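Encoded as structure tokens, the structure appears first; notes follow it.
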Amino acid sequence: MAHRFLASTPLLRTSLSLTARARAAVPAQYANYVTASAVVMAGGKAKKAAPKVKAQSNSFRKKKAADDDKGESGSGGATRLNEKYYKPSIPVKVEEFLPSTATKEHVGQVLGFPSTVVPALAQTAYPTLLNEQFELIKPAALVVRDSTVSFLEKVDEAMKTPSAQSRIVLTGEAGSGKSALLLQTVSHCLSAGWIVIYVPKATSWMNSSFAYNKVANTTSFVQPLLASNLVGQIQNVNKSILDKITTSETATVGRHEVEKGTKLSALLEVGVKDQFAAQDVMEVFMKEIGAQKDIPTLVAVDEVNSFFRPTQYLSQDGKELDPEHLKLSKLFLNYISGKSTFKHGAIVAATSDTLLANKSEVLDVALGVKEVSPYKRLSQTILPWTQGLTSVEVPNYTREEAKGVFDYYKKANIFFDAASEPLFLNKFITSNGNPRKFFTACAKGI
């Protein structure tokens, strides 16, 4: 993937005639961009425009369009396009997942996200594999597990302590439900009135998806668009709370000056409108919410492995950058590592094994998930960021939890075969209770 610097680059200088001829050879929507190859291509004589061909009637096209309208095209997939062969799921009525229902009495029950929380969650993207389930069965819902109840008790205790004392990484085998538990934690804290910063796809921060440019006279880089997107998401999710908190001092963010007493929602608006000020806005914002004591803060990061391995961004000499050289990532690493803290709150992250290329041996060793090899030297620049992290292992479904999920799938009518007790035992045993494998076995008839 090409790495894009925002710093300006001198354009190729060509004669006026060549430039004009090049633009004539480039489609209109790209007319402002003249490349060396376009100039060379323009060296020959311009071709005459092809004569217009009169449109002819095409009975096949008409028939295909009619078939599409009937929902019978051959595009495949479990969608309205092949309803002739596919029976869509039935919306299931479920209770809401609230602090009052995240209890032992509700273990094994599938509960939906509260109506007050759904708009906030809509501001972010669901984890990819969970989204597959949510797209199939409406509304979006997850099962209450023993691990859900016990973990949320830990989170509730963090409401009164500094975040440096509650820095937790969810671990477990691939598909055990780490992302689901993290999402339940996000929903729980939103319902309880916390400030929530949720990063569902941390990999996109490190895989060179966003433009970046170097900060003058430093080894640091900023990602203006990524920072602006994050600022907008935080503002939309927490606006009603942030309207009640104001800045404690005057601050300079980019070319703007934010006066003391400005609402934090208004501070974030500066970063939404000016992406080149967004990094400064994030730094001031994190400092302000960290200093106040009235409202706890949750930082939830999925795919946290990406923070503990070299990124796919390159320095000027072609070397991979460590996350600490990206200012936005370093800002979060400061809180993950405990170097910075919120007066009240927690840092909760989840590892992901979906993309093996993003696995972090450094993090696995630090959490005790993997033994360090005496022949392998771990990164001494990344290792210090793991200090003080604790891990909580997310197990596979118990039989009670899996049965509750099975009954939920039965109500949604997603099975190819008749739902029965023998079918449940077959799916539970063959999947070994692994939530992801259990869903795949039930939804895809495997």
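All figures in this text were calculated on a predicted structure; none of them were measured in a lab.
To the nearest 0.5 Å, atom NZ of residue K287 and atom CG of residue L331 are 12.5 Å apart. Interatomic distance, OG of S166 versus CD of E157, reported as 8.0 Å (0.5 Å rounding). Annotation: the span from N238 atom CG to K244 atom NZ amounts to 12.0 Å, rounded to 0.5 Å. Taking CD1 from I289 and OG from S163, the interatomic distance works out to 9.5 Å, rounded to the nearest 0.5 Å. Distance check, rounded to the nearest 0.5 Å: CD1 of I347 to OG1 of T341 gives 7.5 Å. Here the CG atom belonging to L170 is positioned 4.5 Å from the CZ atom belonging to F151, to the nearest 0.5 angstrom.
Below 30°, between 30° and 60°, or above 60°: for F332 and W205 the angle between ring planes is above 60°, a perpendicular geometry. In this structure, F406 and F438 have tilted ring planes: the angle between them lies in the 30° to 60° band.
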After noting the C-alpha distance and the side-chain angles of E361 and R309, does the key distance pass the salt bridge (Lys or Arg N to Asp or Glu O under 4.0 Å) rule?
CA-CA 8 Å; E361 187 175 25; R309 56 169 292 111; over 6 Å; no

Let me see the working for E401 and R145 under salt bridge (Lys or Arg N to Asp or Glu O under 4.0 Å), right down to the final yes or no.
CA-CA 6 Å; E401 294 164 357; R145 305 178 59 187; 3.1 Å; yes

Please lay out, stage by stage, how E269 and K263 fare under the test salt bridge (Lys or Arg N to Asp or Glu O under 4.0 Å).
CA-CA 10 Å; E269 185 65 22; K263 295 178 180 178; over 6 Å; no

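In this structure, T297 contributes its side chain and I195 its backbone to no donor-acceptor pair below 3.5 Å. In this structure, the side chain of N434 engages the main chain of R436 through a donor-acceptor pair within 3.5 Å. With Q292 contributing its side chain and D294 its backbone, the two residues share a donor-acceptor pair below 3.5 Å. Under the 3.5 Å distance criterion, the side-chain polar atoms of S150 are matched with a main-chain donor or acceptor of D146.
With Y313 as the fixed residue, the side-chain hydrogen bond (donor to acceptor under 3.5 Å, both in side chains) test singles out one of E320, H325, Q223, K319: Q223.
The shortest distance between side-chain heavy atoms of V94 and Y408 falls below 4.5 Å. Taking the side chain as every heavy atom from C-beta outward, T311 and D322 never approach each other to under 4.5 Å. Taking the side chain as every heavy atom from C-beta outward, V215 and K327 approach each other to under 4.5 Å.
Proximity of the aromatic rings of F113 and F97 is defined here by a centroid distance below 6.0 angstrom, and this criterion is not met.
Taking the ring axis of W385 as reference, the NZ or CZ atom of K339 stays within 45° of it and closer than 6.0 Å to the ring centre.
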Ignoring hydrogens and angles, write down the donor-acceptor pairs under 3.5 Å from the side chains of residues 175-182, residues two or more places apart or on other chains.
from : atom 1 : to   : atom 2 : distance (Å)
S176 : OG     : E173 : O      : 3.0
S176 : OG     : V394 : O      : 3.2
K178 : NZ     : G172 : O      : 3.3
K178 : NZ     : E173 : O      : 3.0
S179 : OG     : D302 : OD1    : 3.4
S179 : OG     : D302 : OD2    : 2.6

